[in-house]
Amino acid sequence: MAGSTGRAAPLHPGAWWLWALGLGTAATRTTNPLLLALLLAVSAYVVTARRPDAPWARSYGAFVKLALAVLVIRLVFAVVLGSPIPGTHVLVTLPEVPLPDWAQGIRLGGRVTAEGLAFALYDGLKLAALLVCVGAANALANPSRLLKSLPAALYETGVAVVVALTFAPHLIADVHRLRAARRLRGRPDQGLRGLLHVGLPVLEGALERSVALAAAMDCRGYGRAAEVPAAVRRTTAALTLGGLLGVCAGTYGVLTAEGGAYGLPVLAAGVAAALAGLWLGGRRSVRTRYRPDRWDARAWLVAGSGAAVAALLVLAGARDPAGLHPGVVPLVAPALPLWPAAACLLGLLPVLVTPAPDAPVAGPADTGPVPVPEPAVRKPS
């Protein structure tokens, strides 16, 4: 219609999760700090450009802080407990605590070498990058819409996962709201006293939200199932269990050199059996979907970009393991491999193919903003 404006259809939330899992898989395949920093920068840029203004989208900062805490803890453990990596560049020598004979292999204090710290930094940075990628998925994918897109057989499990994933964003939003309220009232919001005064209302709000959620689920008939024949139930259980076992065995075969001959066929058969079991299990669900999200070309591009990053990093690790896993003995500066770095940049594709959050799309005859009439003034009689 002329003069009308519309909004771009939101991206399927599963595409964001597949993109983030692809980046996380790529992060687990390397310990090169330059590549890991590049993956962190890619995820941060996409989150900054495409994160909507919603309470569940504000949890990215919490995941970044958690990743920094993990990195610091890993370095502290390397300093206090020592490192299995031998080194010659001694930075400091701490007082060593003697331990009994049953604690052989454990050391408290002693020499702290640059090689040991570098190894701990590379190892901790890998886990930190994985946490940041999960935080990016939480900040970009709407959890309620993701729950609508799950197969019917996984609905109950999906509800539990979505409730668990949305707990942290709601908790962070409550903390920000209560701290802002205390600052407006001129009350302290820092230190132990402020933490106690903020923590108790947050805990009370979480309990009230849990009770309200349980009541809403009960009113909507959560957990009800349709009657299916016993043979279908047994077939569903056998296909699902056999498919999961096949996926595990096939994955083990793919990751090991001895199982290269049977890995891919067993993995494909396991995935097919698991999908068949999920399809049969969906017959027990009696729920319907209102306006289901469409998996369009943009979702394929976003999910494919994450999968391409993971696949190229796996291929690079097989062809050039030294570039993706720089050594620390002898201690040398890590180099940036060019084509794995270019592969990491493929993760920026969602910025190009997805619209900005809440960006209006102009209609065919949109000539500008609609004029607003002046308010009518009633003349006194």
Peer 1: Look up atom CZ in Arg74 and atom OH in Tyr122, then write down how far apart they are to the nearest 0.5 Å.
Peer 2: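 The distance works out to 13.5 Å.
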Peer 1: With no hydrogens and no angle check, is any side-chain donor or acceptor of Ser59 less than 3.5 Å from a backbone partner on Ala62?
Peer 2: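 Not confirmed, Ser59 side chain does not pair with Ala62 backbone.
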Peer 1: Between atom CG of Leu127 and atom OG1 of Thr28, what is the distance when rounded to the nearest 0.5 Å?
Peer 2: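 Leu127 CG to Thr28 OG1: 10.5 Å, rounded to 0.5 Å.
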Peer 1: Going only through I, L, V, M, F, W and Y residues with side-chain contacts under 4.5 Å, is there a path from Tyr45 to Val42?
Peer 2: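 They do share one cluster, since a chain of ILVMFWY contacts under 4.5 Å joins Tyr45 to Val42.
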Peer 1: A quick test of your reading: do over 12 heavy atoms of other residues, nucleotides or ligands sit less than 6.0 Å from CZ of Arg51?
Peer 2: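 Count over threshold, so yes.
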Peer 1: Taking all atoms of both residues into account, what is the closest heavy-atom pair of Gly124 and Leu71, and its distance?
Peer 2: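 What the structure gives for the nearest pair is C-CD1, 3.6 Å.
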Peer 1: Does His325 use its side chain to pair, donor to acceptor, with the backbone of Arg29 at less than 3.5 Å?
Peer 2: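 It does hold such a pair.
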Peer 1: For atom CH2 of Trp300, decide whether the heavy atoms of other residues, nucleotides or ligands shown that lie under 6.0 angstrom number more than 12.
Peer 2: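 Count not over threshold, so no.
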Peer 1: Does Val79 share a hydrophobic cluster with Val92, counting links as ILVMFWY side-chain heavy atoms below 4.5 Å and allowing steps through other members?
Peer 2: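 Yes, Val79 connects to Val92 through the hydrophobic network.
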Peer 1: Could you walk me through whether Asn138 and Trp17 pass side chain to side chain contact (heavy atoms under 4.5 Å, CB included), step by step?
Peer 2: CA-CA 8 Å; Asn138 278 275; Trp17 269 100; 3.9 Å; yes
Peer 1: Identify whether Val46 and Leu312 are in the same connected component of the hydrophobic contact network (ILVMFWY, side-chain heavy atoms under 4.5 Å).
Peer 2: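 Per the 4.5 Å side-chain linkage, Val46 and Leu312 are co-clustered.
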Peer 1: Look up atom CG in Leu125 and atom CG in Leu36, then write down how far apart they are to the nearest 0.5 Å.
Peer 2: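 So the gap between those two atoms works out to 4.5 Å.
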Peer 1: For Arg294, is there an ion pair with Asp296 - N to carboxylate O distance below 4.0 angstrom?
Peer 2: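 The answer is no: the pair does not qualify as a salt bridge.
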Peer 1: Using every non-hydrogen atom in the two residues, find where Leu239 and Ala276 come nearest and quote the distance to one decimal.
Peer 2: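 Looking at all heavy atoms of both residues, the closest pair is CD1-CB, 4.0 Å.
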Peer 1: Taking atom OG1 of Thr31 and atom CZ of Phe119, what is their separation to the nearest 0.5 Å?
Peer 2: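 It is 8.0 Å, given to the nearest 0.5 Å.
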Peer 1: Answer yes or no: are there more than 12 heavy-atom neighbours, outside His89 itself, under 6.0 Å from its atom NE2?
Peer 2: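 Counting neighbours around NE2 of His89, 12 or fewer heavy atoms of other residues, nucleotides or ligands fall under 6.0 Å, so no.
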Peer 1: Show the nearest heavy-atom pair for residues Gly327 and Val332, with the distance to one decimal.
Peer 2: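 In this case the closest contact between Gly327 and Val332 is O-CG2, 4.2 Å.
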Peer 1: Of all heavy-atom pairs between Leu313 and Ala26, which one has the smallest distance, and what is that distance?
Peer 2: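 For Leu313 versus Ala26, the nearest heavy atoms are CG-CB, 3.9 Å.
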Peer 1: Give the intermediate values and the outcome of side chain to side chain contact (heavy atoms under 4.5 Å, CB included) for residues Tyr60 and Val132.
Peer 2: CA-CA 8 Å; Tyr60 183 73; Val132 170; 3.3 Å; yes
Peer 1: Under 3.5 Å, side chain of Ser43 to main-chain N/O of Leu40, donor-acceptor pair present?
Peer 2: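 Confirmed, Ser43 side chain pairs with Leu40 backbone.
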Peer 1: Taking Pro334's backbone N and O only, do any of them form a donor-acceptor pair with Asn32's side chain (distance below 3.5 Å, no angle check)?
Peer 2: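 Not a single qualifying donor-acceptor pair exists.
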Peer 1: Please answer: with hydrophobic residues joined when any side-chain heavy atoms are less than 4.5 Å apart, are Leu34 and Leu23 in the same cluster?
Peer 2: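 In one cluster with Leu34: Leu23, yes.
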Peer 1: Please tabulate, for side-chain N and O atoms in residues 344-357, each donor-acceptor pair with protein atoms closer than 3.5 Å (sequence neighbours left out).
Peer 2:
unit_1 : atom_1 : unit_2 : atom_2 : d
Thr354 : OG1    : Arg50  : NE     : 3.0
Thr354 : OG1    : Pro350 : O      : 2.3

Peer 1: List the atom of Ala137, the atom of Ala20, and the distance in Å for their closest heavy-atom pair.
Peer 2: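 Smallest heavy-atom distance, with atoms named: CB-CB, 3.5 Å.
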Peer 1: Quick check: closest heavy atoms across Val47 and Ala139, and the distance to 0.1 Å?
Peer 2: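 Smallest interatomic distance, heavy atoms only, reads CG1-CB, 4.2 Å.
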Peer 1: Measuring from atom OG1 of Thr88 to atom CZ of Arg111, what distance do you get when rounded to the nearest 0.5 angstrom?
Peer 2: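 Going from the OG1 atom of Thr88 to the CZ atom of Arg111 covers 8.5 Å.
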Peer 1: Looking at CH2 of Trp19 and CG of Leu140, how far apart are the two atoms once the value is rounded to the nearest 0.5 Å?
Peer 2: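 With rounding to 0.5 Å, CH2 (Trp19) is 6.0 Å from CG (Leu140).
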